[in-house]
Amino acid sequence: MKKKPHILIFNPDQWRSDVMGHMGNPAAVTPYLDQLVETDGVSFRNAFCQNTVCTPSRCSFMSGWYPHVRGHRTMYHMMQPEEPVLLKTLKEEGYFVWWGGKNDLVPAEIGFEKYCDIKYQPARTPRRETNLHAHDVWRGTSEADNYFSFYAGKLEKGEEEETYYDGDWANVLGAIDMIRHAPSDKPLCIYLPLLYPHPPYGVEEPYFSMIDRDMLPPRIPAPQDWSTKPSLMKGIYEQQHLQGWTEERWNELRATYYGMCARVDKQFAMVNELDELYDLINDPGETVNRINDPGMADVLAELKERLLTFYQETCDAVPHYTNKRG
């Protein structure tokens, strides 16, 4: 029987299609996705979402149905037990399915047993402050012009944290651990439905400062004539109270979002990489893989040469005396 391939379903939330380097955006920092497209992947420039709302869209791409087929039109109409879900199909076909991240797909009241072998819960719970939806002090008062912008800005790590740690990081690290300890008797499916780059717009260093604000493409302005637009759009525009924002403030918000995308790009690399190189002095937690860092090229070459020499010197099959060729 042909061996089934392992599967990684890496599912960010609300990533604009134009915020990727290979799509021609000079401000986007997405080297790993760009490399994947260049060497081993396909990127669809004209792919369209089935629905603008989270749950209907997830129901659609996990079932192959349009959202209207069985009434999956809102955040509260999820996939029912008798309906087809890719994760359930994979589990039934012998895959070990690991699910780490948000739901918004199946009803919480029926549980996850049919859909995965592990619904991951990290042993270390992220600080409450990292949940920007629940801990929304960044919004200010409801009268302020930041309240409906969803702009949180630069995020700080906890006093006892070596690196910033939130729900997405917890799930990414959990997925990496699962990959390293995958079952030997079953193919593995990793499902990572992340929260980023969904607003609120906030990200930690180095991603916050990674984006060159001067390279951002011009912002699409609000229309002068709203008569050709849906009234809902006009209502949102008026109620957000962002009309007084300067372009500098808009650029900070946009750059923060780009930084969130850069972070997700890095997280994708972490779960998709095979080779690893870490600076254990400055990064004992092994959070930043520097295998592709040009600054580490000499170190990497030295380690490869050292490994080859060590193998030759210790392998019993290598004779002590060399023979002539010819």
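Note: hydrogens, waters and symmetry copies are ignored here, and every other heavy atom, side chains too, is used.
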Can you classify the ring geometry of His133 versus His198 as parallel (below 30°), tilted (30 to 60°) or perpendicular (above 60°)?
tilted
Partner set under ring-ring contact (aromatic ring centres under 6.0 Å, His included) for Phe148, not counting sequence neighbours:
none
Going by side chain to side chain contact (heavy atoms under 4.5 Å, CB included), name the residues that satisfy it together with Lys88, two or more places apart in sequence or in a different chain.
Val85, Glu92, Lys114, Tyr115
With sequence neighbours left out, write down each residue that passes ring-ring contact (aromatic ring centres under 6.0 Å, His included) with Tyr191, or none if nothing qualifies.
Trp99
Sequence neighbours excluded, the answer for salt bridge (charged side-chain N to carboxylate O under 4.0 Å, His left out) partners of Glu302 is Arg306
Report the hydrophobic cluster partners of Val53, with the cluster defined as I, L, V, M, F, W, Y residues connected by side-chain heavy atoms closer than 4.5 angstrom, directly or transitively.
Met75, Tyr76
For Glu38, enumerate each residue passing the salt bridge (charged side-chain N to carboxylate O under 4.0 Å, His left out) test, keeping only those at least two apart in sequence or located in another chain.
none
Taken in chain and number order and not counting sequence neighbours, the residues that satisfy side chain to side chain contact (heavy atoms under 4.5 Å, CB included) with Ala175 are Trp98, Ile190, Leu192, Val271
Could you work out, with salt bridge (charged side-chain N to carboxylate O under 4.0 Å, His left out) as the rule, every residue matching Asp279, not counting sequence neighbours?
Arg290
Test side chain to side chain donor-acceptor pair (under 3.5 Å), reference His72, set Arg58, Glu83, His77, output is Glu83
Listed partners of Glu161 passing salt bridge (charged side-chain N to carboxylate O under 4.0 Å, His left out), at least two apart
Arg124, Arg127
ring-ring contact (aromatic ring centres under 6.0 Å, His included) filter on Phe61, not counting sequence neighbours, yields none
Among Ile, Leu, Val, Met, Phe, Trp and Tyr joined by side-chain contacts under 4.5 Å, find the other residues sharing a cluster with Val42 and list them by chain and number.
Phe44
Which residues end up grouped with Trp226 if you chain together Ile, Leu, Val, Met, Phe, Trp and Tyr wherever their side-chain heavy atoms are less than 4.5 Å apart?
Met233, Tyr237
